[in-house]
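Notes follow once the structure below has been shown.
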Amino acid sequence: MIYVIYVQSGSETAVMYLMRELGYTAYVPRELYKYRKKGVWHEEIKPLFDGYIFFQTDRLTADDYYIIRKIHGVGNFVSKTTCLSCTEEEYIIGLCRNPDILKVSKGHIENG
């Protein structure tokens, strides 16, 4: 079961690594973001879902809840009683498979 947690924007990756140190399986889907500034292209790795992390557990206990809530940057759970559906779980895990950073999509526009 995968649960969703609100976290402070910008601290998603740090919270994910702290949760992993505590023994939880945590995910932060990330993307390679390209932008142009003053005529120069830049690349940056950003969370796909800003302000959210996902973590997997068999059962969310009260102990787990309070341990996770004590982590600096964690806001609250999106739902303490409901986890993601099977389809949503597969989607999130698929986004985080190796390599765990989504690349920029490329396309070709005919006659454009």
Side-chain angles (χ1 to χ4, degrees):
M1 295 185 286
I2 294 181
Y3 291 88
V4 185
I5 304 172
Y6 293 119
V7 296
Q8 184 179 12
S9 185
S11 66
E12 297 90 356
T13 306
V15 171
M16 177 188 70
Y17 287 125
L18 286 171
M19 288 184 68
R20 287 181 178 177
E21 286 178 13
L22 293 172
Y24 296 100
T25 304
Y27 304 102
V28 175
R30 295 176 289 174
E31 67 176 333
L32 180 64
Y33 176 70
K34 290 186 176 185
Y35 62 97
R36 191 172 174 148
K37 184 175 179 181
K38 296 184 180 179
V40 179
W41 283 98
H42 301 274
E43 292 182 350
E44 185 178 339
I45 297 172
K46 297 175 74 170
L48 192 59
F49 304 107
D50 194 35
Y52 296 94
I53 67 166
F54 305 87
F55 85 99
Q56 193 168 15
T57 185
D58 294 333
R59 191 171 141 253
L60 182 63
T61 64
D63 291 337
D64 291 330
Y65 174 80
Y66 289 110
I67 289 169
I68 292 169
R69 284 297 311 269
K70 286 182 183 178
I71 297 173
H72 180 70
V74 171
N76 207 344
F77 286 72
V78 172
S79 174
K80 296 176 215 74
T81 57
T82 308
C83 59
L84 296 181
S85 69
C86 293
T87 308
E88 293 168 329
E89 279 187 30
E90 289 176 17
Y91 179 70
I92 295 299
I93 291 171
L95 289 174
C96 297
R97 69 179 178 272
N98 286 336
D100 67 343
I101 298 170
L102 300 173
K103 304 292 184 206
V104 176
S105 298
K106 293 182 179 180
H108 174 74
I109 301 173
E110 289 186 33
N111 303 324

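The structure displayed is predicted, hence computed values, not measured ones. Scope of the values below: all heavy atoms of this structure, side chains included, with no hydrogens, waters or symmetry mates. Numbering starts at 1 and runs along the sequence shown.
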Item to complete: Could you walk me through whether Glu43 and Leu32 pass side-chain contact (heavy atoms from CB on, under 4.5 Å), step by step?
Response: CA-CA 7 Å; Glu43 292 182 350; Leu32 180 64; 4.0 Å; yes

Discussion item. I want to check something: taking the side chain as every heavy atom from C-beta on, are Ile45 and Thr13 in contact at a cut-off of under 4.5 Å?
Written reply: no

Worksheet item: Is any side-chain heavy atom of Leu84 closer than 4.5 Å to a side-chain heavy atom of Tyr91?
Response: no

Fill in: Backbone N/O of Ser79 and side chain of Thr82: donor-acceptor pair under 3.5 Å
no

Pair up each side-chain donor or acceptor in residues 46-55 with any protein partner under 3.5 Å, not counting sequence neighbours, and list the distances.
| from | atom 1 | to | atom 2 | distance (Å) |
| --- | --- | --- | --- | --- |
| Asp50 | OD1 | Ser9 | OG | 3.1 |
| Asp50 | OD2 | Ser9 | OG | 3.0 |

Worksheet item: Hey, does Leu95 have a side-chain heavy atom less than 4.5 Å from the side chain of Tyr27?
Response: no

Worksheet, complete the sentence: Heavy-atom closest pair (Val7 atom, Val74 atom, distance to 0.1 Å) is CG1-CA, 4.2 Å

Discussion item. Taking Val15 as the starting point, is it possible to reach Tyr66 by hopping between hydrophobic residues whose side chains are less than 4.5 Å apart?
Written reply: yes

Discussion item. Tell me the closest heavy-atom pair linking Glu12 and Val28, and the distance in Å.
Written reply: O-CG2, 3.6 Å

Practice prompt. Looking only at non-hydrogen atoms, find the nearest pair between Ile93 and Gln56 and report the distance.
Written response: CD1-NE2, 4.2 Å

Discussion item. Would you say that Val78 contacts Tyr6 through its side chain, given a criterion of any heavy-atom pair below 4.5 Å between the two side chains?
Written reply: yes

Discussion item. Show the nearest heavy-atom pair for residues Tyr65 and Leu60, with the distance to one decimal.
Written reply: N-CD1, 4.3 Å

Practice prompt. Report the distance from atom NZ of Lys34 to atom NE2 of His42, rounding to the nearest 0.5 Å.
Written response: 12.5 Å

Fill in: His72, NE2: over 12 other non-hydrogen atoms inside 6.0 angstrom
no

Worksheet item: What closest approach, in Å, do Ile71 and Met19 show between heavy atoms, and which atom pair accounts for it?
Response: CD1-CG, 3.5 Å

Worksheet entry | Met16 CE to Leu18 CG distance, which is reported to the nearest 0.5 Å | 10.0 Å

